[in-house]
Amino acid sequence: MVLIATPFILSFTFAFLLTFIELIVILIYNLFSNLIGGVTVNLALVDALPEKTQQQNPHFQFASVTNDEKVVKEIKRKVRHADAPPPPPPIIEKSEVIIEQDIMRESSPKKEEQVEMTDKPVRVRIAPSPSGYLHVGTARMAIANFLYARHTGGQFLIRIENTDKARSDDSLIEPIISALKWLGIESDEEIVYQSERIELYKGFAQKILDSGKGYRCFCSPELLTADREEAMANKGPLRYNRRCLKLTQEEIDKKIADEEQFAIRIQIPDGQTTFNDIVSSDLKRDNREIEDFIIARSDGTATYNLAVVVDDNDMRITHVLRGNDHITNTFKQIHIYEALGFSLPTFGHVPLLLRPDKKKVSKRLGDKDVAQYKEEGILPEAMFNFLSLLGWSPKTDREIYTVKELIEIFNPDNFNASNSIFNEEKLEAFNKEHIGLMSDHDLAAMVAPLLVDAGYTTKYWLETRWEYLRSVVSILKTRVRRISDFVELSKYFFEFDYVYDAQADEKNFTPEAVEILTQFAERLEKIDSYSKETIEKALSELAVEKELKKGKLIHPTRLAVSGIPNGPGLYDLLLVLGQDVVVERMKKAAEYIIKKQS
RNA sequence: GACCCCAUCGUCUAGUGGCCUAGGACACUGCCCUUUCACGGCGGCGACACGGGUUCGACUCCCGUUGGGGUCGCCA
């Protein structure tokens, strides 16, 4: 036994030693070349240091083109497997579901890196800008982030991105926050407002300038526009031509002395930028494709990308889950993180939500404000459920979930790679299902104010007849797709002066119907204990006596008491409306028919 | 135009090389239930974009084509 095992042990030890030596050699080489040539720091290698693995996110590489990518990858792999410290215990107490998640991750080698994510509590955010109301695209990202935070026991934060005074409107902040609240989403910590942090950003722009990683750009907006137009005409790339990077120190000093306005650009080093993405595959971009973008405007204020990085760092955001329309920004932001010496969060770029015409949802194209769906009778639970399943799948055949269930089953691995189209018809179907999940009491509470708004009745009237409202809601429930449908469908339960449906009038309010209605009304009037059974009995008896089919009684009666040819089962309808009302309406209908004939 | 992402029914999706004659949901539709309208039940219609490769075998892996989307602001 020992004889068989010895060669294995020996070769294993040998391989391990080789790996270690290889690592050391390359590290020394890298350190040396940095000292001599001032080559861009190879974060990938620094990253690969075992002692760094706990502080630095190992998902990112920021490799200079001078480094052999294959070597980097290989070392990272070896480090991870050979001498990575045992993963720290998860911060969050494991529920059964989380354990299940871990099992799923283990069985999926492709996503092995996910396991490492548990080394610090998840802190995620949604960062809407108040340049419009909350639309479904932003709401969906908020939901994904919220679910992720709740699933892991981490924090979900809200940040309002209102750095652009000209474009953002502070009166839109409250509607955005309350629309999120309607969905059940609130910030776990105080909401961060970028407008309050404007001065702070300036220091970071200056820091980048001072470090030599940024430079002043004196090009006027007009000049830049002209550049772009020319590039467009020549069919070239639309990137900044680095005119101001070529300025000599004397030229720069002169321009500063002349008080020429300047913006600050960050200089993107040669090489390529890559990062792992927990949703999409690994993303790589040649740095030539990333322009030297502006981080501070000529008035000194920070632009979006700088502010985002500073805030995400300050807010200790661990995972940036956002739409894949931000991929370009991520490449830019990685360079700011690097210039500022911040450690990178984990990125996840979720596919976009498209309109039925396949364009990105946007307020400008007239996409609805989330609050508008509320007005249109959509339940927040339905919206939440529907949006969560757009571009993400629980990988089962089930579709209807409560928020609580979604929190339990959420897994960022389950995002799709492709964009999805927002289909309101299906949202309605989800709504119907969620209405079915609600109790009659809760439904009644929701419908009551709508009935008052519609002018059917008063708050007081409803409060004193709660049981009545509850039964109305109960028998209408299966006929409704939106909460607002209750209003339309329940009119005759509250108003007496409805007009008979013309077609049904012609068909059912025949001369014979007068006798039927009158006699049936009389019988109903005589019932002592008015119930579904006694109503049905009265109808059946009358039908037998008159030798008529039940339908002959049912249809005129329904029309008489509701004005329309369809609705809840007749016995339910008559029971809920109440004996007196029913009799009164039937007699009134009989009179109407007589008057109609004369 | 440059760069990037993506590709299963009309739409949302399942599918990780044989369980696929491709499953579910919405929509559409037939039948049943039923006094009506709904609900519900049982069916139907309906997709692997195309072309190459790899393989004994491809919806699944690779390449290309086509198509769709995104980004290219001193906006966010």
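None of the values given here were measured: they were computed from a predicted structure. So you know, we letter chains A, B, ... as the sequences are listed, proteins then strands, and number each from 1.
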Under 3.5 Å for both donor-acceptor distances, Watson-Crick or wobble: does [N] have a partner, and if so which one?
N	result
B/U55	none
B/C33	none
B/G1	B/C72
B/U11	B/A25

Nearest-angstrom distance from the residue atom [atom1] of [X] to [atom2] of [N]:
X	N	atom1	atom2	result
A/Asp277	B/C4	CG	P	16 Å
A/Asn385	B/C12	CG	P	17 Å
A/Arg285	B/A2	CZ	C1'	11 Å
A/Phe331	B/C3	CZ	P	14 Å
A/Asp292	B/G73	CG	C1'	15 Å

For [X] and [N], is the shortest distance between a side-chain N/O and OP1 or OP2 below 4.0 Å?
X	N	value
A/Lys395	B/G15	yes
A/Thr163	B/A76	yes
A/Lys360	B/U71	yes
A/Thr328	B/C4	no
A/Ser420	B/U13	yes
A/Asn416	B/U13	yes
A/Arg398	B/G23	no

Record whether the side chain of [X] comes under 3.5 Å of the base of [N] through a donor-acceptor pair of N or O atoms.
X	N	answer
A/Ser298	B/C74	yes
A/Lys477	B/A38	no
A/Arg479	B/C37	yes
A/Asn305	B/A76	no

Any base atoms under 4.0 Å from [X], or only sugar-phosphate, or nothing? Heavy atoms, all strands.
X	value
A/Lys550	nothing
A/Arg159	nothing
A/Lys549	nothing
A/Gly567	base
A/Glu425	sugar-phosphate
A/Ile294	base
A/Lys552	nothing
A/Cys219	base
A/Pro128	nothing
A/Gly391	sugar-phosphate
A/Leu352	sugar-phosphate
A/Leu390	sugar-phosphate

### For A/Glu199, all residues meeting salt bridge (Lys or Arg N to Asp or Glu O under 4.0 Å), sequence neighbours excluded
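For A/Glu199 the salt bridge (Lys or Arg N to Asp or Glu O under 4.0 Å) partners, ignoring immediate neighbours, are A/Lys202.
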#### Entry: A/Trp392 side-chain N/O to A/Asn411 backbone N/O, donor-acceptor pair under 3.5 Å
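Here the side-chain-to-backbone pair exists.
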### Query
Quick one: do the A/Asn287 and A/Gln272 side chains pair a donor with an acceptor below 3.5 Å?
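No, A/Gln272 and A/Asn287 have no side-chain donor paired with an acceptor closer than 3.5 Å.
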### Task
Would you check if there is a donor-acceptor pair between the side chains of A/Ser471 and A/Ser474 at a distance under 3.5 Å?
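No - no donor-acceptor pair under 3.5 Å links their side chains.
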#### Entry: Closest contact, heavy atoms only, A/Glu424 versus A/Lys368
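Shortest heavy-atom separation between A/Glu424 and A/Lys368 comes out as OE2-NZ, 2.9 Å.
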### Task
Report the nucleotide, chosen from B/U13, B/C74, B/C5, that has the shortest atom-to-atom distance to any side-chain atom of A/Leu283.
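For A/Leu283, the side-chain atoms sit closest to B/C5.
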### Message
Given B/U35, B/U13, B/G69, identify the nucleotide with an atom nearest to the side chain of A/Arg558.
### Response
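The answer is B/U35.
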### Query
Is the count of non-hydrogen atoms from other residues, nucleotides or ligands lying under 6.0 Å from A/Glu376 atom CD greater than 12?
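Yes - once you tally the heavy atoms of other residues, nucleotides and ligands closer than 6.0 Å, there are more than 12.
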### Message
Parallel, tilted or perpendicular: which one describes the rings of A/Tyr500 and A/Tyr498, with boundaries at 30° and 60°?
### Response
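Rings of A/Tyr500 and A/Tyr498: perpendicular, over 60°.
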